[in-house]
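Report on the structure given below.
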Amino acid sequence: MTDDLATDVFEEHRPLLMAVAYRMLGRVADAEDVVQDAWLRWYRADRAQVREPRAYLVRVTTRLAVDRLRQVQSRGEAYVGPWLPEPYLTEFAGTAPDSADRAELADTVSLAVLVVLESLSPLERAVFVLREAFGYPYAEIAALLDRAEPAVRQLAGRARRHVAERRPRYEADPVRRRDLTERFLAAAAEGDLAGLLSLLAPDARLVADSGGKAKAPLRVLHTADKVGRFLVGVARPVAAELSFRPVQVNGGPALLVLSDGKPHTLFQVDIADGRITTVYLVRNPDKLRHLADG
């Protein structure tokens with residue numbers, strides 16, 4: 001295989017590799033680093049011995065992501081306030097052939113699910129991602145991770161139960177989410193507390209990720225009243241200075257708030273039974289920088 005052909009093969013699979021790495025890590029920059037390392041491994045490999053490039057590249061990417069995740073966990077880094085995944089502009093080209101598969105991929109990359117995946121071990125997370133997000137057979141996952149198939153099945157069962165127990169219930173309908181997002185943000189900008197409360201579930205919560213680098217609650221806010229009053233309070237003084245850009249993030253509609261053309265806040269909601277159950281605000285500038293040209 002010539003170098004040019006090797007480059008073409010890798011670029012064909014890059015969306016899939018990025019999708020795997022991001023679900024493993026929840027961090028765009030780390031996922032990009034892993035995919036770049038996978039490219040270097042692929043370029044230096046004896047490609048004449050590689051019978052299935054896709055399987056080889058997914059195996060290399062997954063193992064690199066497992067190693068990176070172990071490094072992050074071993075450092076035990078303290079994070080200021082609630083942690084959310086780095087927002088990921090979602091495109092499913094090259095990873096899902098039809099709308100049903102795209103819906104499944106959207107669910108496995110959602111903010112709610114990725115927060116739960118943070119509490120899995122690296123191997124549990126790898127098995128869950130490969131099985132639940134991409135439908136890999138157990139035998140193939142075992143080969144990818146160099147583990148026995150019964151062990152992989154056990155890991156998958158533990159991971160699935162863990163996610164099912166902790167995953168918040170929400171509807172993935174993008175049209176309803178977009179409509180509620182826009183109505184909710186308009187009510188906040190107008191200081192319409194009654195309007196906000198009509199859209200929020202009584203037990204709604206607000207999760208704001210600032211990393212201590214921007215103004216945001218350092219604890220999760222609970223109840224519709226607290227969430228509504230907080231948003232009215234912060235929106236009134238600055239709404240006139242901001243602009244908004246609809247984006248597709250982590251498998252669902254979101255609004256990117258811009259200040260002087262620069263990312264200021266990423267705003268997304270989860271809904272259930274027609275009401276907003278969770279409001280996500282990403283304000284850490286390190287997690288928004290890559291959205292500037294999105």
Side-chain angles (χ1 to χ4, degrees), residues 26-28 72 76-88 110-119 166-170 177 180-247 249-250 252-260 262-272 275-291:
R27 301 161 179 85
V28 174
V72 171
E77 296 173 346
Y79 195 79
V80 178
W83 179 91
L84 289 172
E86 194 172 334
Y88 181 40
S110 69
L111 295 179
V113 169
L114 289 177
V115 168
V116 175
L117 294 189
E118 281 292 299
S119 56
R166 293 163 176 79
R167 182 204 308 247
R169 186 173 66 90
Y170 65 90
R177 288 178 72 187
L180 279 176
T181 298
E182 292 174 352
R183 289 164 58 195
F184 189 71
L185 196 62
E190 294 168 5
D192 181 5
L193 180 59
L196 288 175
L197 295 178
S198 71
L199 300 173
L200 286 164
D203 59 350
R205 62 196 188 107
L206 181 142
V207 185
D209 178 333
S210 69
K213 299 180 179 181
K215 289 184 178 180
L218 296 181
R219 294 182 181 179
V220 177
L221 299 183
H222 294 274
T223 77
D225 185 68
K226 288 182 179 178
V227 172
R229 291 183 184 281
F230 168 77
L231 288 172
V232 167
V234 298
R236 278 174 172 164
V238 297
E241 305 170 8
L242 304 178
S243 58
F244 307 94
R245 179 194 301 163
V247 290
V249 166
N250 291 78
L255 283 175
L256 180 61
V257 183
L258 303 159
S259 177
D260 295 326
K262 297 179 181 179
H264 177 279
T265 304
L266 190 283
F267 177 95
Q268 191 174 57
V269 301
D270 283 342
I271 65 171
R275 305 285 287 276
I276 293 171
T277 56
T278 306
V279 180
Y280 299 104
L281 298 178
V282 180
R283 297 224 53 219
N284 185 337
D286 296 339
K287 293 186 176 184
L288 298 174
R289 194 171 293 118
H290 68 286
L291 300 177

Open item on the list: Does any part of the side chain of Tyr88, heavy atoms only, come nearer than 4.5 Å to the side chain of Leu291, both counted from C-beta?
Closed with: no
Task: Ile271 side chain near Thr277 side chain, heavy-atom distance below 4.5 Å - done: no
- [ ] Can you measure from CG (Leu258) to CZ (Phe244) and round to the nearest 0.5 angstrom?
- [x] 9.0 Å
- [ ] Apply salt bridge (Lys or Arg N to Asp or Glu O under 4.0 Å) to Glu118 and Arg27, showing your working.
- [x] CA-CA 11 Å; Glu118 281 292 299; Arg27 301 161 179 85; 3.6 Å; yes
Open item on the list: To the closest 0.5 Å, what do you measure between CG (Leu206) and NZ (Lys226)?
Closed with: 12.5 Å
TODO: Might you point out which heavy atoms bring Leu197 and Arg275 nearest each other, and give the distance in Å?
DONE: O-NH2, 3.5 Å
Task: Which atom of Ala216 lies closest to which atom of Ser210, heavy atoms considered - done: CB-CB, 3.7 Å
Task: Minimum-distance pair of heavy atoms, taken over all atoms of Ala112 and Asp270 - done: CB-OD2, 3.8 Å
Task: side-chain hydrogen bond (donor to acceptor under 3.5 Å, both in side chains) involving Lys262 - partner list, sequence neighbours excluded - done: none
- [ ] Please confirm whether the backbone N or O of Leu256 pairs with a side-chain atom of His264, one donor and one acceptor, at under 3.5 Å?
- [x] no
Task: Shortest non-hydrogen contact from Leu200 toward Ala224 - done: CD1-O, 3.5 Å
TODO: Check for a donor-acceptor pair, side chain of Arg283 on one end and backbone N or O of Lys215 on the other, with a separation under 3.5 Å.
DONE: yes
Open item on the list: Is any side-chain heavy atom of Val282 closer than 4.5 Å to one of Leu288?
Closed with: yes
Open item on the list: I need the minimum non-hydrogen distance between Pro87 and Val28, along with the two atoms involved.
Closed with: O-CG2, 3.5 Å
TODO: Apply the side chain to side chain contact (heavy atoms under 4.5 Å, CB included) test between Val115 and each candidate in Asp209, Leu84, Val207; give the one that qualifies.
DONE: Leu84
Task: Side-chain heavy atoms of Leu281 within contact of Leu231, under 4.5 Å - done: yes
Task: Exercise: identify the closest heavy-atom pair between Pro217 and Phe230 - done: CD-CZ, 3.4 Å
Open item on the list: Other residues, nucleotides and ligands only: do more than 12 of their heavy atoms fall within 6.0 Å of CZ on Arg229?
Closed with: no
Task: Full working for side chain to side chain donor-acceptor pair (under 3.5 Å) between Tyr280 and Asn250 - done: CA-CA 12 Å; Tyr280 299 104; Asn250 291 78; over 6 Å; no
TODO: Working to the nearest 0.5 Å, report the span between CG of Leu193 and OG of Ser198.
DONE: 10.0 Å
Task: Under 3.5 Å: donor-acceptor pair, side chain of Arg177, backbone of Val269 - done: yes
TODO: I would like to know whether Val247 and Leu266 meet side-chain contact (heavy atoms from CB on, under 4.5 Å); could you show each step before the answer?
DONE: CA-CA 9 Å; Val247 290; Leu266 190 283; 4.0 Å; yes
Open item on the list: Is it the case that the side chain of Gln268 and the backbone of Pro253 share a donor-acceptor pair, with hydrogens and angles ignored and the cut-off at 3.5 Å?
Closed with: yes
TODO: Apply the test side-chain contact (heavy atoms from CB on, under 4.5 Å) to residues Lys213 and Asp286: give CA-CA distance (whole Å), side-chain angles for both, the deciding distance (0.1 Å), then the verdict.
DONE: CA-CA 9 Å; Lys213 299 180 179 181; Asp286 296 339; 2.3 Å; yes
Open item on the list: Measuring only between side-chain heavy atoms, which start at C-beta, is Val279 closer than 4.5 Å to Arg205?
Closed with: no
